[in-house]
A.B. asks: 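Take this structure, written in structure tokens, and hold onto it; I'll ask about it next.
Residue numbers start from 1 in every chain, and the chains themselves are labelled A, B, ... in the order their sequence lines are given, proteins ahead of strands. All values below were derived from every heavy atom in this structure, side-chain atoms included, with hydrogens, water molecules and symmetry-related copies excluded.
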2 protein chains.
Amino acid sequence: MTTRRRDDDSGRTYGGESAAERLARQRRQFMDAGLELFGTVGYRATTVRMLCKQAGLIDRYFYKNFTDTEALLDAIYRESMDDIQARVIRALGAASPAEPGAMIEAALDAFFQALENSRVARICWLEVLGVSPRIDAAYHGRIQQFAGLILTLSRTLFPRWQVPDDEAEVLAIALIGAISQSAMHWLLTDYRTPRPVLVRASARVLAGVVGLPPDAAPR
Amino acid sequence: MTTRRRDDDSGRTYGGESAAERLARQRRQFMDAGLELFGTVGYRATTVRMLCKQAGLIDRYFYKNFTDTEALLDAIYRESMDDIQARVIRALGAASPAEPGAMIEAALDAFFQALENSRVARICWLEVLGVSPRIDAAYHGRIQQFAGLILTLSRTLFPRWQVPDDEAEVLAIALIGAISQSAMHWLLTDYRTPRPVLVRASARVLAGVVGLPPDAAPR
DNA sequence: GCTATTTGACGACGCTCGCCATCAGATTGT
DNA sequence: ACAATCTGATGGCGAGCGTCGTCAAATAGC
């Protein structure tokens with residue numbers, strides 16, 4: 001009975017921070033370190049020691065927050081994709097539903113703008129691939145989530161668009177792939193192509209698939 | 001002057017094989033072993049020891065043929081992609097240029113049929129990504145090569161298709177991405193979707209981008 | 001038949017990795 | 001002031017890696 005209560009919010013304040021605050025701060029430091037290292041030297045070339053040096057912490061606090069580097073990658077991937085997705089949805093909400101072309105353009109522009117952070121782009125489009133079954137599942141799930149978003153959006157924006165369900169599902173995946181590959185190519189060629197060109201080309205693919213006349217596409 | 005001539009085709013015959021034949025056979029054995037292991041357990045989980053056991057050879061002959069596992073992956077990737085590309089081109093040549101829709105369908109069917117080899121598909125679409133700058137460059141170069149093929153094909157098959165060059169380049173990349181992502185999704189969902197559905201959806205994307213009326217698309 | 005080469009089996013090296021233990025100094029609650 | 005806790009630094013442990021060397025058995029040229 002000498003232990004007061006240690007299990008729930010165990011730990012005292014230190015350096016003006018509660019135990020939970022310290023944990024959260026350490027977690028953020030490792031997230032930032034992972035974003036930097038995974039996004040530059042790459043995931044497989046990054047070690048726990050490097051992450052600790054980058055974060056300015058020691059490995060004990062790494063293992064307090066993550067089981068291994070894979071868990072850190074997973075967390076960074078989810079956070080980054082959540083952020084990108086939020087930006088796209090925000091852009092969608094700000095556009096007028098009366099003009100589908102403008103809506104698509106706004107969403108695509110927000111998307112490619114988010115990708116101009118090369119670390120995020122590299123992690124979410126290159127580094128996560130082929131790491132492990134767990135990460136693959138996270139990636140695959142995210143693709144399908146995005147595809148579902150595109151699918152319902154297309155069905156509501158273009159009710160006259162009629163294709164069988166199984167084919168529509170593949171089409172949504174294909175659209176994701178088209179935009180993804182453009183983004184990847186953009187990243188691998190050091191953002192040489194101006195962003196509006198990317199947006200216009202992606203909009204054309206989208207319009208072509210949903211059967212919109214080319215004139216309805218922006219520009 | 002005691003050495004006869006040893007540098008060019010040095011080595012004698014052994015087991016009924018010349019030195020060059022042995023080297024080629026060993027190389028093939030390692031290529032097959034790599035195809036099997038990279039395509040099942042994955043590239044990063046594969047070690048030189050595993051490759052040797054799978055090939056039924058010892059490491060000395062591995063290093064005679066490849067500098068490291070990365071070089072083996074590179075060779076396998078190039079060979080596999082060459083094979084896929086050859087199948088697609090063969091299908092294109094066998095189809096009638098008078099019916100662009102049928103040509104596209106034949107090419108896509110050959111492509112997805114080749115991808116039914118899951119080891120090849122996994123290596124070329126998952127394992128090669130994010131390995132190293134060298135492999136990334138090989139991947140990127142192959143994508144651009146394929147995009148160039150699509151671009152010239154589109155320009156010749158549909159001369160009335162008019163888009164600016166910079167946008168057309170992105171569109172070709174996007175088309176590759178659309179098909180790639182469909183293929184990847186197919187692989188990751190254990191080939192659940194029937195192949196014709198994949199072909200039809202991909203054809204629709206292609207037709208949509210080059211401005212073909214939906215009726216001209218197959219089916 | 002004798003010598004040189006090739007082959008497979010096996011072990012050892014140097015290195016780096018993830019992970020864990022220790023220990024002195026800093027900070028906190030009483 | 002003092003005991004308890006937290007922190008950073010350091011080093012070690014076992015495992016896995018690529019790579020190299022050794023050695024007996026198999027094969028080929030003379």
A.B. asks: Write out a two-atom table: protein N or O, nucleotide N or O from nucleotides 7-10 of chain D, distance below 3.5 Å.
C.D. replies:
from, atom 1, to, atom 2, distance (Å)
dT7(D), OP1, Arg22(A), NH1, 3.2
dT7(D), OP2, Tyr61(A), OH, 3.2
dT7(D), O5', Tyr61(A), OH, 3.1
dG8(D), O6, Arg60(A), NH2, 2.6

A.B. asks: Using a strict 4.0 Å threshold on nitrogen-to-oxygen distance, state whether Arg12(B) and Glu17(B) make a salt bridge.
C.D. replies: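 No, this pair does not count.
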
A.B. asks: Counting only side-chain nitrogens and oxygens, does Thr13(A) get under 4.0 Å of the OP1 or OP2 atom of dG29(C)?
C.D. replies: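 Checking dG29(C) against Thr13(A), a side-chain N or O does come within under 4.0 Å of OP1 or OP2.
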
A.B. asks: Return the value, rounded to whole Å, for the distance between atom CG of Asp68(A) and atom P of dC20(C).
C.D. replies: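 Rounding to the nearest Å, CG of Asp68(A) and P of dC20(C) are 12 Å apart.
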
A.B. asks: Please tell me which of Gly15(B) and Val48(B) maps to the more 5' nucleotide of DNA chain D, matching each residue to the nucleotide holding its nearest heavy atom.
C.D. replies: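 Per heavy-atom nearest nucleotide, the more 5' residue is Val48(B).
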
A.B. asks: Which residues pass the salt bridge (charged side-chain N to carboxylate O under 4.0 Å, His left out) test with Asp136(A), not counting sequence neighbours?
C.D. replies: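 Applying salt bridge (charged side-chain N to carboxylate O under 4.0 Å, His left out) to Asp136(A) gives none.
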
A.B. asks: Is a side-chain donor or acceptor of Ser202(B) paired with a backbone partner of Val199(B) at a separation under 3.5 angstrom?
C.D. replies: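 No; judged by distance alone, with no hydrogens or angles, the pair does not exist.
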
A.B. asks: Pick the nucleotide of DNA chain D nearest each of Glu17(B) and Thr69(B); which residue has the one closer to the 5' end?
C.D. replies: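 Of the two residues, Thr69(B) wins.
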
A.B. asks: Between Glu105(B) and Arg200(B), does at least one N-O distance fall below 4.0 Å, as a salt bridge requires?
C.D. replies: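 So Glu105(B) does not pair with Arg200(B) through a salt bridge.
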
A.B. asks: Output yes when at least one side-chain N/O atom of Tyr63(A) is less than 4.0 Å from OP1 or OP2 of dC19(C), else no.
C.D. replies: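 For Tyr63(A), the contact criterion (side-chain N or O under 4.0 Å from OP1 or OP2 of dC19(C)) is met.
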
A.B. asks: Hey, which of Leu206(B), Val88(B), Val205(B) is the one that makes side chain to side chain contact (heavy atoms under 4.5 Å, CB included) with Leu108(B)?
C.D. replies: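 Answer to the side chain to side chain contact (heavy atoms under 4.5 Å, CB included) test with Leu108(B) among Leu206(B), Val88(B), Val205(B): Leu206(B).
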
A.B. asks: For Asp74(B), check salt bridge (charged side-chain N to carboxylate O under 4.0 Å, His left out) against everything at least two apart and list the hits.
C.D. replies: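 So Asp74(B) forms a salt bridge (charged side-chain N to carboxylate O under 4.0 Å, His left out) with Arg78(B), Arg134(B).
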
A.B. asks: In whole Å, I'd like the distance from the CZ atom of Arg44(B) to the P atom of dG18(C).
C.D. replies: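 In whole Å, dG18(C) P lies 16 Å from Arg44(B) CZ.
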
